[in-house]
Amino acid sequence: MLTGEIYKPWLEKKDPLARMAYWLTYVVAAIGIGASVVRCWFAAKSVNMMTGNLCLILDDEFNGDSLDTDIWDYEVTMGGFGNNEFEMTTDSSNNTFLRDGYLYILPTLTSDVIGRDAIMNGYTYNITGCTTGGTNDTSTCGAVSNITGGTVINPVMSARINTKKSRSIRYGRVEIKAKNPNGDWLWPALWMLPVNNTYGPWPMSGEIDIMESRGNGLSYADQGSNYVQGSLNWGPLTWLNEVWRTTGWWTERRTSFASGFHTYAMEWDENFIRIYVDSRLHGMLQVSFNVPFFDRGDFPPVVTNGSQQVVLENPWASGSKSTPFDIPFYLIMNVAVGGTNGWFPDNVGDKPWFNTATDAMQQFAEEQDKWAATWPEDDYSRALVVDYVKMWQKC
Ligand SMILES: *[C@@H]1O[C@H](CO)[C@@H](O)[C@H](O)[C@H]1NC(C)=O
Ligand SMILES: *[C@@H]1O[C@H](CO)[C@@H](O)[C@H](O)[C@H]1NC(C)=O
Ligand SMILES: *[C@@H]1O[C@H](CO)[C@@H](O)[C@H](O)[C@H]1NC(C)=O
Ligand SMILES: *[C@@H]1O[C@H](CO)[C@@H](O)[C@H](O)[C@H]1NC(C)=O
Ligand SMILES: *[C@@H]1O[C@H](CO)[C@@H](O)[C@H](O)[C@H]1NC(C)=O
Ligand SMILES: *[C@@H]1O[C@H](CO)[C@@H](O)[C@H](O)[C@H]1NC(C)=O
């Protein structure tokens, strides 16, 4: 063969078997491509699409000087929200503020305000503006540090805001563009709860988690900041949550959801809920409402409650296949820290507390030097930074 001449294998004389093998390669490739097209078509068809119209009911781009309190309420507490979370949530501009057209929810160290010694022993801290009870509710609006008693002042200040009083949807769409926080044991969440507990207390009336993640780095073995999760929480009793049946996630192999902005979306109508990131094709979770939730749970007829046997009642018997996801839900955005509910499992990573320990928060506070060292100095890297929030009601 001359150099510069184009090699044309099909012009070469070959034995018939070699020629057949040659063409077979192309035939098999063509079949492969055809099969992929068919597969994509069926995959696309199985993705539910919303029908009907959407009416925009909230479009907050956070361009003002301060959070619009006609829309958002602060949840101020030291109570840990049933998960024994280690942060207290404040209404302070240290933890929630607008800057350059973005909302920041920024975790800060309580030691910056009262010092390390006060956190560990001999101090009483009462949070101002507590929303979980009167100032007399010392269990959630105040804390006492006592080194021998195993109690500390919540070592982190953070924030949690919601639209409960102002905006809710019953079917529709939510879209939030946000950058997640960096830092060990941070737990950012964009999620929804029912306005009314129509079918009973949590999780009987449902919970929709649009995005939950962890601030731990990519080396963390139980899904660090390169994972985002979507899920539905539901169950027929307060201690029976079937969230594991309706949980999914999206992951990026080498990039973190805490290194840049991503768009989180939830679409919801009478037939399905779909939660995805950036593109409809990057689905975290899709739940078709084709089976009533009580059947989906595959529950035993009788469950054990302490020493009692309880006949399991269907709290959604009066509803439809989408019940309990057929009532108005409002939006919540927060950055939590730690907690003992298993979001951070024991024995994964260099975890400074045990979820079963009664003094878990004290264990966490003792290791502050270790975890605080992983929290970036600059606000932008450490915060949950939100570009905009949009909510549409199906109309
Ligand atoms: C905000 O942070 C500053 C600096 O750490 C502190 O002095 C101040 O007390 C904090 N404000 C509140 C309300 O915690
Ligand atoms: C707190 O307790 C005092 C004294 O018992 C009572 O007068 C006050 O109304 C209580 N405050 C709240 C907010 O419950
Ligand atoms: C905190 O609140 C408790 C209960 O209302 C009260 O007894 C205590 O004096 C308060 N402590 C501080 C430091 O404000
Ligand atoms: C601290 O806790 C210990 C053990 O529970 C208890 O004996 C002690 O009275 C507590 N101290 C204060 C100041 O409450
Ligand atoms: C929630 O319940 C209250 C009291 O029954 C009622 O006034 C309100 O309209 C309900 N809100 C929604 C969104 O269902
Ligand atoms: C379960 O047991 C607790 C404590 O005895 C009781 O308060 C609760 O009502 C029981 N729940 C059911 C569904 O029986």
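Heavy-atom basis, side chains included; hydrogens, waters and symmetry copies ignored. Both ligands and their constituent atoms are indexed starting at 1 by order of listing. Along the sequence shown, residues carry numbers from 1. Note that this is a predicted model, so its numbers are computed, not measured.
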### Task
Compute both the distance and the angle, then confirm whether Arg382 meets the cation-pi test with Trp375: under 6.0 Å from the six-membered ring centre, within 45 degrees of the axis.
no

### Task
List the steps and the verdict of ring-ring contact (aromatic ring centres under 6.0 Å, His included) for Trp371 and Trp185.
CA-CA 8 Å; Trp371 48 260; Trp185 321 117; 9.6 Å; no

### Query
Which atoms of ligand 4 sit under 4.0 Å from any heavy atom of Asn146?
1 (C), 2 (O), 3 (C), 8 (C), 10 (C), 11 (N), 12 (C), 14 (O)

### Message
Quick check on contacts: which atoms of ligand 6 are under 4.0 angstrom from a heavy atom of Leu237?
### Response
13 (C)

### Message
Which residues pass the ring-ring contact (aromatic ring centres under 6.0 Å, His included) test with Tyr74, not counting sequence neighbours?
### Response
none

### Query
Are the charged groups of Arg214 and Asp222 less than 4.0 angstrom apart, N to O?
yes

### Task
Enumerate the protein residues lying less than 4.0 Å from ligand 5, judged by heavy-atom distances, in chain and residue-number order.
Val195, Asn196, Pro328

### Message
Polar contacts were defined as any N/O atom of the residue lying under 3.5 Å from an N/O atom of the ligand; does this apply to Gln308 and ligand 6?
### Response
no

### Summary
Partner of Tyr102 under ring pair (Phe, Tyr, Trp, His ring centres under 6.0 Å), picked from Tyr388, Phe261, Phe97, Phe62, is Phe261

### Message
Quick check on contacts: which atoms of ligand 4 are under 4.0 angstrom from a heavy atom of Thr148?
### Response
1 (C), 2 (O), 3 (C)

### Task
Measure from NZ or CZ of Arg296 to the centre of the six-membered ring of Phe293, then state whether that distance is under 6.0 Å and the direction lies within 45° of the axis.
yes

#### Entry: Enumerated ligand 6 atoms positioned under 4.0 Å from heavy atoms of Val310
14 (O)

### Thr90 side chain to Met157 backbone, donor-acceptor under 3.5 Å
no

### Query
Using 4.0 Å as the upper bound for N to carboxylate O, is an ion pair formed by Lys394 and Glu270?
yes

